[in-house]
There are 2 protein chains.
Amino acid sequence: MVPTHDDPRYLRSREAIVAAAREVLLTHGPGALTHARVAEQAGIARATVYRHWPRSDQLLSEAMATVPMPFFDAPASPTRDWLVRELTTLAQQLGHHDVRVVATTLASAALWEDDMDARRARFADLLASRLADALDDARARGEVDLHTDPRDAAALVIGPLYYRATIERGTTDEHVVATLVDGLGRWR
Amino acid sequence: MVPTHDDPRYLRSREAIVAAAREVLLTHGPGALTHARVAEQAGIARATVYRHWPRSDQLLSEAMATVPMPFFDAPASPTRDWLVRELTTLAQQLGHHDVRVVATTLASAALWEDDMDARRARFADLLASRLADALDDARARGEVDLHTDPRDAAALVIGPLYYRATIERGTTDEHVVATLVDGLGRWR
DNA sequence: ATCCTATGAGACATCTTGACTCAGAGCGCC
DNA sequence: GGCGCTCTGAGTCAAGATGTCTCATAGGAT
């Protein structure tokens with residue numbers, strides 16, 4: 001009666017579809033993400049794809065969810081060193097094609113689809129919160145005198161990396177990361 | 001024999017198509033930009049749209065070109081004041097839906113289409129060059145000691161505004177702009 | 001071995017896409 | 001005003017895409 005969803009055949013198809021959707025998204029872009037194309041890439045029947053994800057925007061959601069996006073790790077002390085490490089990692093991840101695809105697709109799709117916008121909001125909020133918390137903590141410990149509101153910090157330090165990666169299509173070096181961190185406030 | 005291209009009928013159709021394409025792009029997104037939809041929006045025959053722009057990516061190019069994008073004006077002195085003015089304007093323009101649509105569409109489409117990537121590169125280079133030139137000039141006049149390479153300045157100051165507008169979907173206030181400008185170097 | 005469920009293969013109607021045709025209207029020119 | 005020329009509107013058409021449905025069969029639980 002009720003669909004099981006733990007049938008090995010079901011899970012196998014599901015995995016094949018997700019992997020194929022991911023592949024299509026990353027190599028041909030969100031515009032190429034159709035049921036037919038995913039079925040072909042996965043080597044399964046078109047009807048099966050429809051059974052799992054009836055609408056193609058769900059397919060896109062799923063495909064995007066499979067690409068690991070950069071987040072801030074748990075803060076460490078001293079906060080300045082932690083922040084430099086995290087931003088360097090983030091800059092490096094933004095150098096990867098997969099991450100750029102998902103980031104730009106997210107920013108673009110969020111303007112037209114509600115669930116994509118919700119995903120964007122969660123993503124932005126998570127980054128901003130983690131950074132703000134770490135900075136609040138550093139400030140409480142007297143490690144830094146901030147020049148700005150901690151909630152602005154994400155835009156201030158991630159923004160340049162993001163712009164560099166998606167608009168200028170280049171990489172960000174260590175020196176720029178250090179400049180960004182020092183721009184947040186006076187570190188002791 | 002040879003198509004004229006200054007026939008009033010031709011120009012009228014062209015204008016109607018461009019306006020309609022712009023409208024469709026801005027209200028329904030690049031995915032909705034089809035010949036049929038543009039024809040309907042423009043109130044003209046579908047075949048006419050094909051005659052003017054046979055491929056739909058050309059339609060997208062045209063539509064995007066109709067939206068005025070922010071650039072830096074000619075530098076004024078003192079450079080710091082000019083820069084604050086320009087960045088404030090830029091932040092305000094990034095608050096407009098039209099500009100966000102074109103910016104995110106550009107970043108996204110550039111990953112999949114060569115001419116979009118060329119457009120992106122021109123856009124990024126123009127912004128970076130104008131800013132770098134203005135900063136070089138300010139440095140030569142002794143107005144500023146830069147902390148970074150002037151070619152990095154665009155990412156450093158535009159990046160946060162761009163991130164704020166497209167990922168966090170918020171506005172940037174004057175104080176943040178001032179922080180950004182002061183982060184570039186020591187102004188005299 | 002038996003039953004149940006998911007899949008594969010295909011049929012099917014419908015919609016979309018891009019090309020083409022042709023009559024008629026709009027425009028430049030005299 | 002009248003005469004050509006060219007562009008447009010409206011429609012047709014074939015090919016392909018899209019979404020639904022059916023049914024035989026294979027995979028897996030018991």
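Throughout, a chain's letter reflects where its sequence line sits, starting with A, and its residues are numbered from 1.
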(message) On the side chain of B:R51, is there an atom forming a donor-acceptor pair with the base of D:dG9 - under 3.5 Å, no angle test?
(response)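 Checked by distance alone, the answer is yes.
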
(request) Kindly give the heavy-atom pair with the smallest separation between A:D117 and A:R120, and that separation in Å. (result)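 Heavy-atom minimum between the residues: OD1-NE, 2.9 Å.
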
(message) With a cut-off of less than 4.0 Å, is there a side-chain N or O of A:Y10 near OP1 or OP2 of C:dA6?
(response)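 Answer no for this pair, as no side-chain N or O of A:Y10 is under 4.0 Å from OP1 or OP2.
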
(message) If the cut-off is 4.0 Å, is B:H52 near the phosphate of D:dC7, judged by side-chain N/O to OP1 or OP2?
(response)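 So the side-chain polar atoms of B:H52 never come under 4.0 Å of the phosphate oxygens OP1 or OP2 of D:dC7.
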
(request) Would you mind reading off the distance between B:Y50 atom OH and C:dG18 atom P, rounded to a whole angstrom? (result)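 Between P of C:dG18 and OH of B:Y50: 4 Å.
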
(message) Taking the nucleotide of DNA chain C with the nearest heavy atom to each, does B:R9 or B:H35 sit closer to the 5' end?
(response)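 Its nearest nucleotide lies further toward 5', so the answer is B:H35.
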
(request) Determine the contact category for B:R12: base if any of its heavy atoms lies under 4.0 Å from a base atom, sugar-phosphate if only primed atoms, P, OP1 or OP2 are that close, otherwise nothing. (result)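 Sugar-phosphate only.
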
(request) Report yes if a side-chain nitrogen or oxygen of A:S13 is closer than 4.0 Å to either non-bridging phosphate oxygen (OP1 or OP2) of C:dA6; otherwise report no. (result)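 Answer no for this pair, as no side-chain N or O of A:S13 is under 4.0 Å from OP1 or OP2.
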
(message) With a 4.5 Å cut-off on side-chain heavy atoms, are B:I17 and B:L59 touching?
(response)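 With C-beta onward as the side chain, the pair touches.
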
(message) Has B:S108 got a side-chain atom pairing as donor or acceptor with B:T105's backbone, closer than 3.5 angstrom?
(response)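 Not at all, since once roles are kept as given, no pair shorter than 3.5 Å links the two residues.
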
(message) Side-chain N or O of B:T48 versus OP1/OP2 of D:dT8: is the shortest distance under 4.0 Å?
(response)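 Checking B:T48 against D:dT8: no side-chain N or O falls below 4.0 Å of OP1 or OP2.
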
(message) Taking the ring of A:H147 and the ring of A:W187, is the distance between their centroids below 6.0 Å?
(response)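 Ring-ring flag for A:W187/A:H147: false, centres at least 6.0 Å apart.
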
(request) Tell me which of A:A47 and A:R37 sits closer to the 5' end of DNA chain D, going by the nucleotide each one is nearest to. (result)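 On the 5' side of the pair lies A:R37.
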
(request) Give a yes or no on whether a donor-acceptor pair under 3.5 Å exists between the nucleobase atoms of C:dG18, that is its base, and the side chain of B:R46. (result)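 Check passes, donor-acceptor contact within cut-off.
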
